[in-house]
Amino acid sequence: EMWERIGKLEGFEALTANSAAMLDLAIYAAQWNQVEGRVVGEMIRRDGIRLRKAGVIIELALISQIGVKIAPFQLQEAIAAYQLMRGRLLGLYESAHVGLYPRLAEAL
């Protein structure tokens, strides 16, 4: 059901692309708040690694026909990492540059 809700492979690829964009935005936002920005940027980077790792495992599971057993757990891991990235980025923008926060929240 989760696979259907995110739009299958196309949706997952968009999720992965968005995660890379969120990391870029966090690095940009770190300029406004050196301390918090660096910490949050590192956390977002690590969440992105979790997401990409889960994506590789999902792709391998689907290719090897064991996706039914492994993919749901990895999909859940990827979605959780994405949600953490999103929340952390929004929190950083809210505290560092509240003027851009509404547009970013709407876009994400």
Could you tell me the separation between the [atom1] atom of [X] and the [atom2] atom of [Y], rounded to the nearest 0.5 Å?
| X | Y | atom1 | atom2 | result |
| --- | --- | --- | --- | --- |
| Ser19 | Arg52 | OG | CZ | 6.0 Å |
| Arg45 | Arg50 | CZ | CZ | 13.0 Å |
| Arg5 | Glu1 | CZ | CD | 5.5 Å |
| Leu92 | Ile44 | CG | CD1 | 6.5 Å |
| Tyr82 | Thr16 | OH | OG1 | 9.5 Å |
| Met22 | Leu84 | CE | CG | 10.0 Å |

Exercise. Applying salt bridge (Lys or Arg N to Asp or Glu O under 4.0 Å), run through Arg38 and Glu42 and close with a yes or a no.
Key: CA-CA 6 Å; Arg38 287 184 184 182; Glu42 178 61 19; over 6 Å; no
Any idea which heavy atoms bring [X] and [Y] closest together, and the distance?
| X | Y | answer |
| --- | --- | --- |
| Val40 | Arg88 | CG1-O, 3.7 Å |
| Gly41 | Ala26 | CA-CB, 4.2 Å |
| Phe12 | Leu51 | CZ-O, 4.3 Å |

ILVMFWY cluster, [X] and [Y] together (side-chain gap under 4.5 Å):
| X | Y | answer |
| --- | --- | --- |
| Trp3 | Leu15 | yes |
| Tyr28 | Val39 | no |
| Leu23 | Leu90 | yes |

